Amino acid sequence: MTANALSPLILVDGSSYLFRAYHVPYLQALSTSDGQPTGAITGVLNMIKALKKDYPNGNIVVVFDAKGKTFRNDLYPEYKANRPPMPDDLRSQIAPLHNIIEAMGLPLLVIEGVEADDVIGTYAKQANELGIETVISTGDKDMAQLVTPHVRLINTMTDTEMDEAGVEEKFGIKPDQIIDYLTLMGDKVDNIPGVEKCGPKTAVKWLKEYGTLEGVIENSDKVKGKIGENLRSALEQLPLSYELATIKTDCELPYDVSELGPKQADTDTLLELYTKFELRRLLAELKAANGETTEADEEITPAKIDTHYETILDEATLDTWLTQLSDAGTFAFDTETTSLDYMKAELVGVSFCCEAGKAAYVPVAHDYVGAPSQLSRELVLEKLKPLLASDTLVKVGQNLKYDANVLAKYNVAITGPVLDTMIESYCYNSVATRHNMDALAEKYLDHKTIHFEDIAGKGAKQLTFNQIELEKAAPYAAEDADITLRLHQALYPKLEKESQLLSVFKEIEMPLMPVLARMEQGGVLIDDHLLTEQSHQIGARLAQLEMEAHDIAGRAFNLASPKQLQEILFDELKIPVIKKTPKGAPSTAEEVLEELALDYPLPKLILEHRGLSKLKSTYTDKLPLMIAPSTGHVHTSYNQAVTVTGRLSSTDPNLQNIPIRSEEGRKIRQAFIAPQDHKVVAIDYSQIELRIMAHLSDDAGLLTAFKEGRDIHQATAAEIFNVALDDVTSNQRRSAKAINFGLIYGMSAFGLSKQIGVGRNEAQAYMDKYFERYPGVLTYMEDTRQKANEKGYVETLFGRRLYLPEIKSRNGMRKKAAERAAINAPMQGTAADIIKKAMLAVDAWIVEQNDPRIKMTMQVHDELVFEIHQDIVEETTAKIVDIMNQAAELKVPLIAEAGIGMNWDEAH
DNA sequence: GCGCGACCATA
DNA sequence: GTATGGTCGCGCC
């Protein structure tokens with residue numbers, strides 16, 4: 001066995017992974033047909049497979065605990081005495097796993113008298129001394145003590161790496177303080193005594209203060225309170241704990257680190273073992289690697305495809321290609337342009353592909369020095385136009401809305417059958433990956449694409465596509481089309497297997513794309529003079545506030561810097577700290593300043609300053625700059641594949657967070673206006689998420705309240721506080737409203753109590769009362785949690801799916817967070833589905849009217865905004881309200897409410 | 001020039 | 001307590 005000095009040493013803590021894999025729910029289900037469990041085997045082997053992929057040159061060594069006692073039991077008979085014996089269904093998996101690992105040719109170490117940690121520690125130390133890069137693959141945080149500049153940890157199950165900086169970040173201390181840290185805390189599971197009530201926080205605090213365990217011990221009489229007593233009474237046993245927590249780095253081992261290295265895999269034995277234990281995927285992969293064909297398995301790496309990419313510079317070749325595209329019936333298509341901003345972008349070339357691996361790029365506007373002569377943009381578009389508008393040809397693209405927006409400037413439309421791979425991926429699984437092409441190619445095709453930065457550079461010196469040499473541009477562009485087609489071939493069949501997902505894709509998302517494109521191209525009219533005027537006023541007030549603040553502070557400082565503000569408030573003015581940020585610095589967040597403002601003058605100034613400068617920098621300064629010179633309008637981008645719940649998002653500018661709550665903020669909405677003789681019409685769904693909750697939960701009380709058209713918060717208040725509807729006070733209504741919202745967010749009593757400013761018990765009492773009055777809601781919440789836990793996903797009314805991988809987390813906080821998301825997603829997502837359906841119906845009606853006096857301009861989650869000519873505004877609004885009310889058939893009425901005005905503020 | 005945390009705008 | 005996007009300061013390279 002020899003090691004290549006250049007390859008990193010990968011030390012695998014097999015025992016740690018074995019135990020963890022054993023407890024993974026979906027692995028627990030695995031067994032052979034005669035009942036031999038194989039989940040833990042599968043888990044560990046998958047993990048080794050992942051390591052092989054991540055470290056192709058890695059020298060993998062697998063270490064397991066041996067049976068029997070270790071030197072730690074001699075030191076301390078109670079060590080791990082609390083551990084239950086290993087379950088039989090885990091024990092029975094160990095020998096087969098060892099056999100498989102050996103057959104794979106990997107060095108396997110099982111050393112008696114020490115633990116796997118100690119073997120790893122010994123090799124890590126040897127490797128470190130030889131300067132060999134070492135990666136320890138483990139799920140055990142104790143190993144952090146082994147980290148050095150040459151040694152780092154990777155947790156393959158959570159895919160997180162930790163080097164020295166990572167240790168400091170995670171623990172707040174350096175690797176060489178980890179043993180001290182573990183000593184102070186002790187370990188309940190392993191039965192190592194520590195300081196009673198000393199957890200991670202306290203341990204880190206002490207070590208920061210006194211540097212080392214020795215320092216802590218020397219200064220133990222300085223620690224006050226109960227915890228100080230605990231520390232002093234633990235002093236005697238700390239040296240023992242230290243010894244137990246220390247991973248041994250001088251074990252006697254059969255091989256030196258330099259002697260470790262892989263052997264030839266024993267394929268025959270592997271085949272036999274995989275067959276015996278019915279490890280079908282591994283078997284299939286092994287056979288595939290040996291050149292045998294196997295039954296199709298979607299997760300198997302697709303065969304590498306030979307690629308032939310062509311650059312088209314003459315008309316005859318273009319014609320031949322276009323004929324091929326037509327004959328193929330389905331083709332992928334992509335544009336290359338000068339900008340990501342569709343309003344500024346100019347077309348530089350187009351690429352297409354109708355057979356995996358065969359693609360072409362047609363440059364039309366590369367203008368670097370020495371660029372060859374190219375076909376004209378006009379000619380190429382003229383020839384392509386009928387294909388893109390064909391009613392029969394299927395056009396496949398990645399984020400086609402962008403291409404459609406760019407081509408619209410050249411009067412070329414993409415219509416007829418259109419499929420978008422970004423949306424396919426999004427509908428298939430909104431959380432598995434980002435939906436950009438590079439990520440999709442890697443996930444679904446196991447292919448690393450050429451990145452734009454690879455050919456264009458990055459930063460200020462980044463080239464635009466027209467400046468890139470054809471030799472580099474063509475493979476990139478052609479690959480885009482090729483990969484798009486292959487992604488479609490990979491993703492569409494997956495959607496077809498899930499009729500619900502396919503229907504969301506075909507009935508909602510794809511039809512919505514041209515609707516969004518029209519809204520984006522149409523844009524929204526902004527009164528830039530009004531905004532500029534507001535900027536000036538705000539600027540003057542900010543200057544005044546700044547002067548006053550500097551006066552009080554006694555020196556100049558940046559009011560916008562939380563760090564400087566924190567110095568002024570808490571260090572210099574000695575104002576008491578109320579709350580800290582997650583990283584431990586005193587918080588200067590709004591709620592804190594609000595509270596301080598009651599007693600001190602400066603926080604109040606800061607609050608006003610913050611609010612105003614936010615408005616100025618984000619809105620009044622920026623929006624006028626975003627008006628497109630060519631249209632005089634502001635053109636946002638709606639992203640259709642960002643949110644996990646099915647909502648749209650809006651960027652450049654974000655039109656979905658224009659202020660409304662504060663007085664000053666509302667003024668910005670006054671700048672959202674309509675053209676001459678037109679009105680702004682805003683129509684929003686009233687309480688849509690609560691209505692959906694009523695529908696999904698089928699709760700009789702809630703259904704009645706909505707059917708009878710009651711004020712839902714008032715009705716809720718009457719039920720919770722046991723008073724007549726008319727006797728509900730505004731305070732009671734406010735609490736009920738907070739509860740109603742909280743339910744949608746999957747709240748806890750703790751969250752509710754914070755929101756409405758009552759004790760936790762009182763909040764719990766309100767919730768109990770609520771669930772007593774609306775038992776259907778309680779059942780629904782419980783069912784949703786259960787479904788999320790069982791299936792790993794939840795669904796909207798229309799079958800949109802949201803996976804919740806964290807629902808299986810053993811980390812309580814994460815699991816709880818996933819459960820809250822599970823509660824919220826069906827309601828938020830169904831609301832998103834409904835307004836999307838409404839947009840489709842409204843747009844269809846507007847297109848049918850063929851009247852330029854009606855335009856849909858914005859979507860803000862539960863609201864649609866239009867500009868409509870004043871002559872027809874009343875009846876048109878009534879018609880649209882009607883369409884929106886009919887967008888879905890729920891057990892309660894959908895109510896859309898309209899406002900009409902000269903600007904967006906007035907329209908509310 | 002970039003990435004990240006804190007903060008804050010919306011539904 | 002859910003879901004987003006934008007700006008700022010600041011430390012880093």
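Quick caveat: nothing in here was measured; it's all calculated off a predicted structure. We name chains A, B, ... by the order of the sequence lines, and we start the count at 1 in each one.
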Let's see if you can work this out: which of [options] has an atom nearest to the side-chain heavy atoms of [X]?
{"X": "A:F750", "options": "C:dA3, C:dG1, B:dA11", "result": "C:dG1"}
{"X": "A:A589", "options": "C:dT4, C:dT2, B:dC8", "result": "B:dC8"}
{"X": "A:A821", "options": "B:dA9, B:dA11, C:dA3", "result": "C:dA3"}
{"X": "A:Y619", "options": "C:dA3, B:dA9, B:dA11", "result": "B:dA9"}
{"X": "A:S587", "options": "C:dG1, B:dC7, C:dA3", "result": "B:dC7"}
{"X": "A:I660", "options": "C:dG5, B:dA11, C:dT4", "result": "B:dA11"}

Which part of the nucleic acid, if any, lies within reach of [X] when heavy atoms closer than 4.0 Å are counted: base, sugar-phosphate only, or nothing?
{"X": "A:S613", "value": "nothing"}
{"X": "A:K816", "value": "nothing"}
{"X": "A:K754", "value": "sugar-phosphate"}
{"X": "A:S748", "value": "base"}
{"X": "A:N657", "value": "base"}
{"X": "A:D684", "value": "nothing"}
{"X": "A:L648", "value": "nothing"}
{"X": "A:R610", "value": "sugar-phosphate"}
{"X": "A:E863", "value": "nothing"}
{"X": "A:A738", "value": "base"}
{"X": "A:F741", "value": "nothing"}

Distance in angstrom units between [X] [atom1] and [N] [atom2], rounded:
{"X": "A:Y426", "N": "C:dA3", "atom1": "OH", "atom2": "P", "answer": "13 Å"}
{"X": "A:L565", "N": "C:dG9", "atom1": "CG", "atom2": "P", "answer": "13 Å"}
{"X": "A:E594", "N": "B:dC7", "atom1": "CD", "atom2": "C1'", "answer": "14 Å"}
{"X": "A:I658", "N": "C:dT4", "atom1": "CD1", "atom2": "P", "answer": "19 Å"}
{"X": "A:Q656", "N": "B:dC8", "atom1": "CD", "atom2": "P", "answer": "21 Å"}
{"X": "A:K563", "N": "C:dG11", "atom1": "NZ", "atom2": "P", "answer": "4 Å"}
{"X": "A:L655", "N": "C:dG5", "atom1": "CG", "atom2": "P", "answer": "13 Å"}
{"X": "A:Q566", "N": "C:dC10", "atom1": "CD", "atom2": "P", "answer": "11 Å"}

Please state whether the phosphate of [N], meaning OP1 or OP2, lies under 4.0 angstrom from any side-chain nitrogen or oxygen of [X].
{"X": "A:K622", "N": "C:dG6", "result": "no"}
{"X": "A:N558", "N": "C:dG9", "result": "yes"}
{"X": "A:Q564", "N": "C:dC10", "result": "yes"}
{"X": "A:S561", "N": "C:dC10", "result": "yes"}
{"X": "A:T651", "N": "C:dG5", "result": "no"}
{"X": "A:T588", "N": "B:dC7", "result": "yes"}

task = Find the distance between CG (A:L625) and NZ (A:K622) and round it off to the nearest 0.5 Å.
result =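 Between atom CG of A:L625 and atom NZ of A:K622 there are 7.5 Å.
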
query = At what distance, to the nearest 0.5 angstrom, does CD of A:Q764 lie from CE of A:M767?
reply =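 Between atom CD of A:Q764 and atom CE of A:M767 there are 5.5 Å.
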
request  = Look at the side chain of A:R647 against the base of B:dA11 and say whether a donor-acceptor pair falls under 3.5 Å; ignore hydrogens and angles.
outcome  =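 In this structure, the two groups form a donor-acceptor pair.
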
task = Report yes or no: is there a donor-acceptor pair, N or O only, under 3.5 Å between the side chain of A:K614 and the base of B:dC8?
result =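 It does, because a donor-acceptor pair links the side chain of A:K614 to the base of B:dC8 below 3.5 Å.
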
Do [X] side-chain atoms and [Y] backbone N/O form a donor-acceptor pair below 3.5 Å?
{"X": "A:K836", "Y": "A:G646", "value": "yes"}
{"X": "A:E520", "Y": "A:N405", "value": "no"}
{"X": "A:Q656", "Y": "A:S650", "value": "yes"}

key: Within 45° cone and under 6.0 Å: A:R760 NZ/CZ vs A:F750 ring   =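 A:R760 over A:F750 ring: no.
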
request  = Using the six-membered ring wherever Trp is involved, compare the ring planes of A:H550 and A:F557 and label them parallel, tilted or perpendicular (cut-offs 30° and 60°).
outcome  =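 Ring orientation, 0 to 90° scale: tilted.
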
